[in-house]
Each structure stands twice: as structure tokens, then as C-alpha cells.
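Before any comments, here is the structure.
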Protein chains: 2
Amino acid sequence: MNIGDVSSRSGLPAKTIRYYEDIGLIKPHRSANGYRCFAETDLHKLAFLGRARALGFTIEDCRTLMALYEDESRASADVKQLALEHLAKIEAKIADLQAMHDTLGELVKGCAGDSRPDCPILRDLSGEG
Amino acid sequence: MNIGDVSSRSGLPAKTIRYYEDIGLIKPHRSANGYRCFAETDLHKLAFLGRARALGFTIEDCRTLMALYEDESRASADVKQLALEHLAKIEAKIADLQAMHDTLGELVKGCAGDSRPDCPILRDLSGEG
DNA sequence: TATGAGGGTTCCAGTCAGGGGAAGGTCAAG
DNA sequence: CTTGACCTTCCCCTGACTGGAACCCTCATA
């Protein structure tokens, strides 16, 4: 398989696939003409990576997850721990965003949104002046 | 005021303040020795920027907000629109993160987390194989 | 046989919002 | 006079790609 095929079958852009090779996540063979030559296992790995990235895991997490996946003697505890740490980071981000959302929502609610200059949003940003 | 004073009074790192000057958000004067020389208005602007950034506005949004703030003849509608657009982006991010959280949470719940290799998280990532 | 389309390759630069650190100038205190 | 705390500019680094330039390969068509 050439990179275009793997790209459409995995849903990942060709650029991303080349990047993943660059950083050592996959190691496709090369054809005589220099083209990358992907096996089914490469495609499978890329799909794995795509799903892990979609769950928000960092590239380094993905590297670890792949290693665990390929390690038949892994302990599921290791996978779970990684997932729990990631879950905690997601929760922290949600909490941050929620706080912004609540604050900004309040300010927006108080803003007339008309042609006059008076605005509680700017008043708040300027330090209640 | 030197940059150290402004830094501690605004809560922004000196690096950040220099960066904000670099991209034209503030224009402090210079003393004879080449040091930046901040007026109270600069400090006020930096505090404004710090609060806007804390609400998650991008630097470009901050630039617009500052311009609106300094424009006495602004329409609060313009401020409100910017804020509403930002609010929508925050909501979209929260929704994304929440979806990740829910999916990953389900997978984690099903994972024994013991010394055995069997793991629903990896099974899901590998495509249910 | 030329040529054009549509693959593929490498490498460089840019994104966003700064952070880290080097090399060097300035200032007040001891 | 020296020490230490400031300040300056400069350049590289981050994550996870994305865009583009310049060039090569293959196949179909005129």
C-alpha cells in the first residue's frame, strides 16, 4: 500500500502519517522507487493511533499505549493508570473551561449589546474601574 | 516602573510582558539606560490583558478588546459579539472534552486494572479486534 | 515521443503563546 | 572594587501537526 491508500483507509492525512514515521511511531518499508510501502499491520497501528489521539492522548501516551498493546505480558493496571491520569487531565481542563464559561456567561448576560459604549465585559476586564 | 515591578504588580512574567511589547500590545517608554519604563496606564493595560487571557481570549481577541476598550464611541454590541463567539468556542471545547471523558470513563470502568494483560481500553483502541 | 495529471519524496517554515537560557550591560550596597 | 540583583537582546524549544516549494515516478493519452 502507498501512503495515499493508508491515508484514506485510516482517515489520517498523509502528512500526519509521515510525521508519525518521523518520530518513530511506525516503520513502513520502502519500495524500490523510494515510496513508503505499508503493510496491514502498519494500517492497524495507524488506526490505533488515530483512535488514541481522538481520545486526547498525547503522542507520548500513544507511544506507551502502543508498547503496552504489543506487550503480551502487560498488566492491565498499567493501561488503566495511564488512562486515569489522562482522565484527570481532561477533568481539570473541563473545570478550567467551565469556570471561564460561567464567568464570561455572566458578563455577557449583563451586556446590553446595543450601540451604546457602556459594557460590563470591558468594565470587568479593566478591573471594575 | 521597571519591568520587575510591573511583573509583580500585574502578575505577568517579565517574559510575557516583553512578548506583549514585541507584538505591539503595549508600548512602554525607555529610560536613558535602555530599560523599559512603564507608566500606570501600561500596568493597567497589562492587567486588562491578563484578565482577558485568563478568560481564554486569544491574543488577537485581546487586541480587539483593548481597541474597543479605548474607543469611547464603541458599541457594546461589538464587545458582546466577540464574547459570544468566544463563549461558543469554549462550549465546543467542553463538549469535545466531555465526549472524550465519557468514552474513556466507560473504558476505564471496564478495565480490571490488575496484573493480567486483558484490557478493554486497548481492545477498543485496536478496533474491537 | 512528448506531455500532462496525479501520485510520491524531501526539506523548510509557520502555527500559538510564550519559556529557557546564554551573553552581556546597569545599578546600589558593602 | 566587587558582588548580586536587575535589565537587555538573541536564539532555540515546546505539540502536533499543516502548508508549500522543488523535485521524482508512473501511467494514459495525443
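Scope of the values below: all heavy atoms of this structure, side chains included, with no hydrogens, waters or symmetry mates. Numbered from 1 within each chain, the chains take letters A, B, ... in sequence-line order.
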Determine whether a donor-acceptor pair (N or O, by modelled atom type, separation under 3.5 Å) exists between the side chain of A:Asp114 and the backbone of A:Arg116. yes

For B:Lys93, all residues meeting side-chain contact (heavy atoms from CB on, under 4.5 Å), sequence neighbours excluded: A:Leu97

Across all chains, not counting sequence neighbours, the side-chain contact (heavy atoms from CB on, under 4.5 Å) partners of A:His101 are A:Gln98, B:Leu87, B:Ile90, B:Glu91, B:Ile94

Non-neighbouring partners of B:Glu60 that pass side-chain hydrogen bond (donor to acceptor under 3.5 Å, both in side chains), sequence neighbours left out: B:Arg63

With sequence neighbours left out, what residues match B:Ala67 under side-chain contact (heavy atoms from CB on, under 4.5 Å)? none

Pairing residues for B:Glu70 by the side-chain hydrogen bond (donor to acceptor under 3.5 Å, both in side chains) criterion, not counting sequence neighbours: B:Lys45

Could you encode protein contacts along nucleotides 13-18 of chain D as a string, one character per nucleotide from 5' to 3', using B for base contact, S for sugar-phosphate-only contact and - for no contact, with a heavy-atom cut-off of under 4.0 Å? ---BBS

Return the set of residues passing side-chain contact (heavy atoms from CB on, under 4.5 Å) with A:Arg36 (not counting sequence neighbours), or none when no residue passes. A:Ile3, A:Arg18, A:Glu21, A:Pro28, A:Arg30, A:Phe38

Within residues 33-42 of chain B, find the residues that approach DNA chain D with a heavy atom at under 4.0 Å, and present them sorted by residue number. B:Gly34, B:Tyr35, B:Arg36

Find the distance between CD1 (B:Ile121) and OG1 (B:Thr103) and round it off to the nearest 0.5 Å. 12.0 Å

Out of curiosity, B:Ile59 CD1 to B:Leu65 CG, how far, rounded to the nearest 0.5 Å? 11.0 Å

Rounded to whole Å, CZ of B:Arg18 lies from C1' of D:dT9 at a distance of 9 Å

Heavy atoms of chain A, cut-off under 4.0 Å: which first and last nucleotide of DNA chain C, 5' to 3', fall inside that, if you could look? C:dG7 to C:dC11

How is A:Ile3 classified with respect to the nucleic acid when contacts are heavy atoms under 4.0 Å: base, sugar-phosphate, or nothing? sugar-phosphate

Sorted by chain and number, sequence neighbours left out, side-chain hydrogen bond (donor to acceptor under 3.5 Å, both in side chains) with B:Thr16 holds for none

If I take atom CE from residue A:Met66 and atom CG from residue A:Asp71, how far apart are they, to the nearest 0.5 angstrom? 13.0 Å

Strictly below 4.0 Å, N to O, side chains only: are B:Arg9 and B:Glu40 in salt-bridge contact? yes

Tell me the bend of the helix from C:dT1-D:dA30 to C:dG30-D:dC1 as the angle between end helix axes, each from five pairs, rounded to the nearest 10 degrees. 40°

Could you work out, with side-chain hydrogen bond (donor to acceptor under 3.5 Å, both in side chains) as the rule, every residue matching B:Lys27, not counting sequence neighbours? none

